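Notes to accompany the following structure.
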Amino acid sequence: MAMRAAISKAASAAVAPRGFRALLFSTERTSPLFTPPQPPAQNQTPPPAEPSNNLFVSGLSKRTTTEGLRTAFEKFGKVTDAKVVTDRTSGYSKGFGFVKYETLEEAAAGIKGMDGQFLDGWVIFAEYARPRSPPPPPQNSFGNGYSNTSFQGRRPY
DNA sequence: CGTGAGCGT
């Protein structure tokens, strides 16, 4: 006859076993032995915070040269080395350079003095540079204590 | 092409 929507609400599963909350929601938030999952560490480009007297200056104008860079940074400290990276293939500037101060304090002064400033119409950014190249141990392919550089002189014998 | 992020011939 009349169809009745018999929605049988089997809500008989409301019987929660006791003790589950104590197991799943362990309120032990003060577990000293708990090791939190550590995200992949920043392998190589963390925020600039490496202590070094070498400075990496970016944002340089293409017309800015090594002398201009050194001159601009020598106002804040003794610049022992300054170089604007230029391509050897063409010789044009890549737009960034390196400024090495004598001490770390001068480097910091140079950063705080030139970072965000204008140079040749471009805003430059000065920060600590990273170690350029890892120290390659001089190992010859012989390993017997002899290096091939010692045989450059031809023996008449 | 000097073009616009970056780490050195």
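In what follows, chains carry the letters A, B, and so on, assigned in the order in which the sequence lines appear, proteins first and then strands, with residues in each chain numbered from 1. Not measured: the values here are computed from a predicted model.
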Measuring to OP1 and OP2 of B:dG8, would you say a side-chain N or O of A:Arg132 lies under 4.0 angstrom away?
no

Exercise: identify the closest heavy-atom pair between A:Tyr101 and A:Ala107
CD1-CA, 3.4 Å

Whole-Å gap separating P (B:dC7) and CG (A:Leu60)
14 Å

Just so I know, are the side chains of A:Lys100 and A:Val79 near enough to count as touching, which here means a heavy-atom distance under 4.5 Å?
no

Once you apply a heavy-atom cut-off of 4.0 Å, does A:Gly59 come out as touching a base, just sugar-phosphate, or nothing?
base

Can you tell me the distance, in whole Å, between the CZ atom of A:Phe56 and the P atom of B:dA5?
12 Å

Compare side-chain N and O positions of A:Lys94 against OP1 and OP2 of B:dT9 and report whether any pair is under 4.0 Å apart.
yes

pair A:Val84-A:Phe98: side-chain heavy atoms closer than 4.5 Å:
no

Closest to the A:Ser58 side chain: B:dA5, B:dG6, B:dG8?
B:dG6

Between A:Lys100 and A:Ser61, the residue closer to the 5' end of DNA chain B by nearest nucleotide is A:Ser61

Base, sugar-phosphate, or nothing for A:Ser90, non-hydrogen atoms under 4.0 angstrom?
nothing

Pick base, sugar-phosphate or nothing for A:Ile124, based on heavy-atom distances below 4.0 Å to the nucleic acid.
nothing

Rounded to whole Å, how long is the line connecting atom CZ of A:Arg130 with atom C1' of B:dA5?
12 Å

Base of B:dG8 and ring of A:Phe96 stacked, centres under 5.5 Å, planes under 30°:
no

Which sits closer to the 5' end of DNA chain B, A:Trp122 or A:Asp81, going by the nucleotide each is nearest to?
A:Trp122

Pairwise distance CE(A:Met114) to CD1(A:Ile124) - rounded to 0.5 angstrom:
3.5 Å

At less than 3.5 Å, do the side-chain atoms of A:Asp87 and the base atoms of B:dG8 form a donor-acceptor pair?
no

